[in-house]
**Q** 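One structure is given below, represented as structure tokens, and several questions about it will come after.
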2 protein chains.
Amino acid sequence: MPLSPTARVLLAMIHNGRRTGYEIKQLVDVSTRFFWAASYGQIYPELKRLEDAGLIEGEDSPSGGRRRRVYSLTDAGDAALDEWLHSDDEPTYEMRDEGLLKLFFSSDLGDAERLALIRRIRARHQSVIDRLRTVEEGAAAVGGGPHMTLQFGLGHHGWVVEWCKRQEEELG
Amino acid sequence: MPLSPTARVLLAMIHNGRRTGYEIKQLVDVSTRFFWAASYGQIYPELKRLEDAGLIEGEDSPSGGRRRRVYSLTDAGDAALDEWLHSDDEPTYEMRDEGLLKLFFSSDLGDAERLALIRRIRARHQSVIDRLRTVEEGAAAVGGGPHMTLQFGLGHHGWVVEWCKRQEEELG
DNA sequence: ATACTCATGTAAGCTGTTACATGATTCT
DNA sequence: AGAATCATGTAACAGCTTACATGAGTAT
């Protein structure tokens, strides 16, 4: 049985020490979300499925009267995670960028509107950079994968911002 | 009634002179697909919905005994397309990159495996570049939006390839 | 008191992919 | 004759988002 896309993140996050659905979501939101998002509506049902499938084990561990369920990997879960990480399958790569789509169809737009569109694209990517910077120190301290992907994000969105600037100069 | 994501592409493609579902799919596959894909399973049903909604008009126009339905924009469709292109709403931007996800979780991998992973990421982006190059002349001839987005794609994927090379050097 | 954070979940709906089915025409 | 291309569609399923619902603890 192959792991669903969300299952992979969950296994890896649990392996990483994030033991509750809530904690996983918190970390996703400040780390992977720009290349791999996840919502509660997906996380909680999937945790159940993984437990039913015997890949993780949950234990109720309320903090005070607040319910809380912590998960850990079973041997099967550990093996599944390993298999995924080492597998040589073509990794999925998808993107949907409405800004570029509009740009593609911008022939009927005036220069001013095309310029506004590009500025908007740039602002979007700049805001991602701004957010990434807020977690830069933490990622640097952790090093390894998280730091590499953060640097990738900074560089990638930085490149887009520069591209936009060049286009703006040519148009303005 | 707001346009569905696929509806936008269809209206714009029809406005652009692509009159059948088949033709639209052909053009998508060599142009927008790297930032906005579409499958037949989405295109044909959506064309019907758009016709029911009065945004496009279809006419049977078989070529020989081969059935074929050509569409054109109604005034309402033209207005809807214009509204979308000029609207200042936050454009959707989504991406899912399993390669980066693995990289994020690569702390338990050895250097050799991390290197293999990065090579794989690079190969993926290189293959996109190779494909884009095959349509470069056509896009240059058309100019405007298609040419801009193609240049964007070339630059963007080129940046990723260079980033990968730098990482490979550091690891190898 | 009130708002915010911790914490878990469900239901409806939207969007999309994949695989399948069909049939005509054109190219080799 | 057989393969590729033109052309249209459906059904099943997968995956995700959004909005909603609930409730306890903590900070202002």
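Lettering follows sequence order; numbering is per chain, from 1.
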**Q** Expressed as a whole number of angstroms, how long is the span from A:Arg49:CZ to C:dG9:C1'?
**A**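 One finds 13 Å between C1' of C:dG9 and CZ of A:Arg49, rounded.
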**Q** Among C:dG16, C:dA7, D:dT8, which nucleotide sits nearest the side chain of B:Thr6?
**A**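 Nearest to the side chain of B:Thr6 among the choices is C:dG16.
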**Q** Figure out the CD/C1' separation between B:Gln42 and C:dG16, and round it to whole Å.
**A** 5 Å
**Q** In plain terms, say whether A:Lys165 and A:Glu168 are close enough for a salt bridge, that is, a side-chain N and a carboxylate O under 4.0 Å apart.
**A**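 A:Glu168 and A:Lys165: not salt-bridged.
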**Q** If we ignore angles and hydrogens, is there a donor and acceptor under 3.5 Å between the side chains of B:Glu113 and B:Ser106?
**A** no
**Q** Looking across every strand, which nucleic acid part, if any, lies under 4.0 Å from B:Lys48 by heavy atom: base, sugar-phosphate, or nothing?
**A** sugar-phosphate
**Q** Are OP1 or OP2 of C:dC6 and a side-chain N or O of A:Thr20 less than 4.0 angstrom apart?
**A** no
**Q** As a test of reading the structure: which of C:dA7, C:dG9, C:dT17 is closest to the side chain of A:Arg67, going by heavy atoms?
**A**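 For A:Arg67, the side-chain atoms sit closest to C:dG9.
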**Q** Tell me whether the side-chain N/O atoms of B:Tyr40 come closer than 4.0 Å to OP1 or OP2 in D:dG9.
**A** no
**Q** Could you state the atom-to-atom distance from CD1 of B:Ile43 to C1' of C:dT15 in whole Å?
**A** 14 Å
**Q** Could you tell me whether B:Phe105 and A:Trp36 have their ring centroids closer than 6.0 angstrom?
**A**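 B:Phe105 vs A:Trp36: aromatic centres not under 6.0 Å.
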**Q** For B:Glu57 and B:Thr74: C-alpha separation, side-chain torsions, deciding distance, then whether side-chain hydrogen bond (donor to acceptor under 3.5 Å, both in side chains) applies.
**A** CA-CA 6 Å; B:Glu57 251 171 9; B:Thr74 63; over 6 Å; no
**Q** Which of these passes side-chain contact (heavy atoms from CB on, under 4.5 Å) with A:His125: A:Ile129, A:Val128, A:Ile121?
**A**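 Running side-chain contact (heavy atoms from CB on, under 4.5 Å) over A:Ile129, A:Val128, A:Ile121 with A:His125 returns exactly one hit, A:Ile121.
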**Q** Is there a donor and acceptor pair closer than 3.5 Å between the side chain of B:Arg66 and the base of C:dT25?
**A** yes
**Q** With sugar-phosphate meaning primed atoms plus P, OP1 and OP2, does B:Gly41 contact a base, only sugar-phosphate, or nothing at under 4.0 Å between heavy atoms?
**A** base
**Q** From C:dT10, C:dT8, D:dT5, pick the nucleotide closest to the side chain of B:Tyr22?
**A**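 The closest nucleotide is D:dT5.
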**Q** Could you tell me how far apart B:Glu94 (CD) and D:dT18 (C1') are, to the nearest whole angstrom?
**A**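 Between C1' of D:dT18 and CD of B:Glu94: 14 Å.
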**Q** From CZ of A:Arg8 over to P of D:dA14, roughly how many Å is that when rounded to an integer?
**A** 14 Å
**Q** Among D:dA7, C:dT8, D:dT18, which is the nearest nucleotide to the side chain of A:Ser39?
**A**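 The answer is D:dT18.
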**Q** Atom CZ of B:Arg96 and atom C1' of C:dT17: how far apart are they, to the nearest Å?
**A** 14 Å
**Q** Hey, does the side chain of A:Tyr44 come within less than 4.0 Å of C:dT8's phosphate (OP1/OP2), counting only N and O?
**A** yes
**Q** Side chain of A:Pro5: nearest nucleotide among D:dG15, D:dT17, D:dT8?
**A**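 So the side chain of A:Pro5 is nearest to D:dG15.
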**Q** In whole Å, I'd like the distance from the CZ atom of B:Arg69 to the C1' atom of D:dA7.
**A** 13 Å
**Q** Nearest whole angstrom, please: distance from the P of C:dT10 to the CG of A:Leu47.
**A** 11 Å
**Q** Using the closest heavy atom to pick a nucleotide of DNA chain C for each, name whichever of A:Glu23 or B:Leu3 lands nearer the 5' end.
**A** A:Glu23
